[in-house]
Amino acid sequence: MTLLLTLAALAGATHVRAQGGSGGGRFHRPRWRAELGAAVSTPYVKDASGPTVQAGVGPYLGGAAVWDAGDGRAVALFLRATRASVDLSLGGASWSGGSVTQLDLGGSGEQSVRGGWIVVRVAGDMVLLNGRDDVAPFRFGNNPSHYWGGEMTTLVRAMRDRPLYASLGLQAFRLGGNTVGNPISADGVVSRVMIGVRYGR
């Protein structure tokens, strides 16, 4: 949460630039980016006394508003949506648990190196999960339920004359609370690997 607020403050700070010779200021409009790819995650629930609940490989689509911070740095506010099937398995048997929609809303900071050919990005995000209300972990608490997470991404520029990047990212967020309203107490950390492309500087 602190990281999100800090990144939002940085984005606001880079919003305003002085006009040369006017003594005033103006709002600097953000640049826009789009990303798409596929994500795969570790299980949501893994318990010896119950079924393992895991999302399948799912496509994601996202966009971001970006503000330059100077010296190859930038801050951004982003939204990403992922849709995937949910599979349950127990004792060699498996069956469908419907599907899950994941929304990631957050802020990021990044640094370009090697003349802009490589970008390293870190982010904090709020993760919202929406799935069938008879499948854990979706049936506990609110549906969609929200969780706090973070991610790190490395991007490599794929074309010299266009801002197209290949990306590899790792996201992690924590499920469960071992409370009456949310009794899932197994490990609780879900990790996702995201592979895709980004268009925009």
Can you find a heavy atom in the side chain of [X] that is under 4.5 Å from one in the side chain of [Y]?
| X | Y | result |
| --- | --- | --- |
| Val193 | Leu168 | yes |
| Met126 | Trp148 | yes |
| Glu151 | Phe173 | no |

Once rounded to the nearest 0.5 Å, what's the spacing between atom [atom1] of [X] and atom [atom2] of [Y]?
| X | Y | atom1 | atom2 | result |
| --- | --- | --- | --- | --- |
| Leu129 | Asp104 | CG | CG | 8.5 Å |
| Ile118 | Gln111 | CD1 | CD | 12.0 Å |
| Tyr44 | Thr52 | OH | OG1 | 14.0 Å |
| Phe138 | Asp133 | CZ | CG | 11.0 Å |
| Arg157 | Ser112 | CZ | OG | 9.5 Å |
| Gln102 | Gln171 | CD | CD | 5.0 Å |

(request) Test Glu110 against every option in Arg198, Arg73, Arg201 by the salt bridge (Lys or Arg N to Asp or Glu O under 4.0 Å) rule and name the one that passes. (result) Arg198
Heavy-atom pair with the smallest gap, counting every atom of [X] and [Y]:
| X | Y | result |
| --- | --- | --- |
| Ser167 | Leu155 | CB-CD2, 3.7 Å |
| Phe78 | Ala123 | CE2-CB, 3.8 Å |
| Met194 | Ala39 | CG-CB, 3.8 Å |
| Gly58 | Ala84 | CA-CB, 3.9 Å |
| Ala172 | Val189 | CB-CG1, 4.4 Å |
| Leu61 | Leu36 | CD1-CB, 4.1 Å |

(request) Would you please name every residue forming a side-chain contact (heavy atoms from CB on, under 4.5 Å) with Ala38, sequence neighbours left out? (result)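 Val57.
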(request) Flag the pair Arg31 and Asp68 as a salt bridge only when some basic side-chain nitrogen lies within less than 4.0 angstrom of an acidic carboxylate oxygen. (result) yes
(request) Answer yes when Glu35 and Arg121 have at least one side-chain N-carboxylate O distance shorter than 4.0 Å, and no when they do not. (result) no
(request) Verify, without hydrogens or angle tests, whether Thr42 (side chain) and Ser191 (backbone) share a donor-acceptor contact under 3.5 angstrom. (result) yes
